[in-house]
Amino acid sequence: MRDLVRATEIHLVRRPQGPPVPGDFATVARGIEVSPGEILVRNAFLSVDPYMRGRMNDGPSYVPPYQVGRVMDGGAIGRVIAAPPDSKLRPGQVVLHNLGWRDFATGPEAAFRALEPRPGLSLSTYLGALGMPGLTAYVGLLDVARLQSGEVVFVSGAAGAVGSVVGQLAKLHGAGRVIGSAGSDAKVEHLLRDLHFDAAFNYKRGPVLQLLAEAAGDTGIDVYFDNVGGDQLEAALSLLNVHGRVAMCGAVSRYNAAGPMPGPNNLGLAVGKRLRLEGFLVGDHGPRRGAFLSEVGEALSEGRLRADESVVDGIENMPGAFIGMLRGDNVGKMVVRVGA
Ligand code: NAP
């Protein structure tokens with residue numbers, strides 16, 4: 001064992017009550033030790049994701065909580081610096097892994113997934129539109145909601161990492177009309193002008209049911225891709241057509257809540273309208289990655305789909321990027337550049 005490099009990590013030092021604040025994190029420098037047989041990777045981009053807020057709480061969930069005093073791990077992409085002679089990974093190889101919130105990562109070969117990036121795309125795309133959020137959009141829209149040609153789609157969080165891919169994919173798959181909601185007028189303008197949504201509204205500008213009803217007109221909606229929960233889910237339930245489907249992807253409007261939040265007060269509508277509400281986790285859909293990478297990769301390369309990103313520089317700004325993402329500072333995928 002020997003010190004190879006000074007690495008910087010971001011640790012959780014306190015569990016937040018409500019929205020996270022900078023004092024919940026610490027930037028820690030330490031020497032990286034590479035054990036025999038392990039890979040050393042220099043990270044290029046790190047991901048900040050809403051699910052990480054849930055991992056900061058101490059309680060049962062589908063992913064274990066972060067430990068106080070330990071690094072907060074998460075999605076990352078980088079290049080191999082050193083590998084044992086019998087490894088399939090060679091220096092320079094691009095790898096995806098889950099050892100983020102640090103600039104250098106070490107681990108066994110099984111912790112890293114090699115990939116051949118498409119020419120012309122930033123590596124960060126593999127944390128966003130061509131990564132976990134993109135796959136979430138793909139399987140949620142096509143496999144869970146089972147979008148049919150001509151249908152009306154509503155997606156909340158539409159200017160974010162998942163939502164921006166949902167809306168664009170829906171258009172590419174022949175949706176009759178795509179409606180998006182977002183938290184600022186500038187994001188709404190972006191959805192209409194750059195992502196070619198048919199209608200969009202700022203959910204902060206009035207009662208959501210009224211805003212959604214105006215956007216949907218008299219067609220109602222057939223598919224609701226729910227990224228936020230709360231009053232947007234309630235409004236969608238009111239306006240869904242018979243046999244409508246809800247892909248329950250996340251409830252970011254609730255992640256900072258200190259206690260239990262009320263559910264929609266109109267869930268009973270699901271019976272008469274024969275609605276299907278289905279929660280899903282992207283981790284269950286690995287077998288679809290090949291089809292996803294091929295279809296969405298081609299659409300990106302040919303300019304039929306945009307990979308929006310908000311890039312923050314410097315690992316020390318990781319907590320700020322995360323806090324900012326949760327309050328809506330990002331357009332598209334929020335990533336932190338650490339070594340690209
Ligand atoms: P994102 O949309 O890129 O970023 C989070 C966004 O949440 C912010 O930009 C903000 O946009 C919005 N937001 C914050 N507070 C809100 C509130 N009170 N009401 C409405 N919107 C609010 O994040 P993402 O990575 O694409 O994730 C979107 C959703 O998908 C999250 O719920 C996440 O947990 C979920 N997800 C689920 C899976 C799965 O496997 N099921 C996988 C990935 C992600 P505005 O400016 O528009 O408010």
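Ligands are counted one by one from 1 in listed order, and the atoms in each one are counted from 1 as well.
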* Verify the ring-centre separation between Y66 and W101: is it less than 6.0 angstrom? =>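 That pair fails the under 6.0 Å test.
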* R14 side, atom CZ; L12 side, atom CG - distance, nearest 0.5 Å -> 9.5 Å
Can you give the donor-acceptor pairs under 3.5 Å from side chains of residues 271-278 to other protein atoms, not counting sequence neighbours?
from	atom 1	to	atom 2	distance (Å)
K273	NZ	L237	O	2.8
K273	NZ	S238	O	2.9
K273	NZ	L240	O	2.7
R274	NH1	G272	O	2.5
R276	NH1	V144	O	3.0
R276	NH1	E278	OE1	2.6
R276	NH2	V144	O	3.0

* Under a 4.0 Å N-O cut-off, is there an ion pair linking K204 with D185? -> no
* Check each protein residue for a heavy atom under 4.0 Å from ligand 1 and list those that pass, ordered by chain and number. =>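 Those residues closer than 4.0 Å to ligand 1 by some heavy atom are P50, M132, T136, G160, A161, V162, A182, G183, K187, Y203, N227, V228, C249, G250, A251, V252, S253, Y255, F280, L281, V282, M325, L326, G328, N330, G332.
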* Enumerate the residue pairs fulfilling side-chain hydrogen bond (donor to acceptor under 3.5 Å, both in side chains) with a member in residues 313-325, sequence neighbours excluded, ordered by first and then second residue. => D313-R337
* Asked: How is the hydrophobic cluster of M261 composed, in terms of its other members, when Ile, Leu, Val, Met, Phe, Trp and Tyr link through side-chain heavy atoms under 4.5 Å apart, directly or indirectly?
  ->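 ILVMFWY cluster around M261 holds nothing else.
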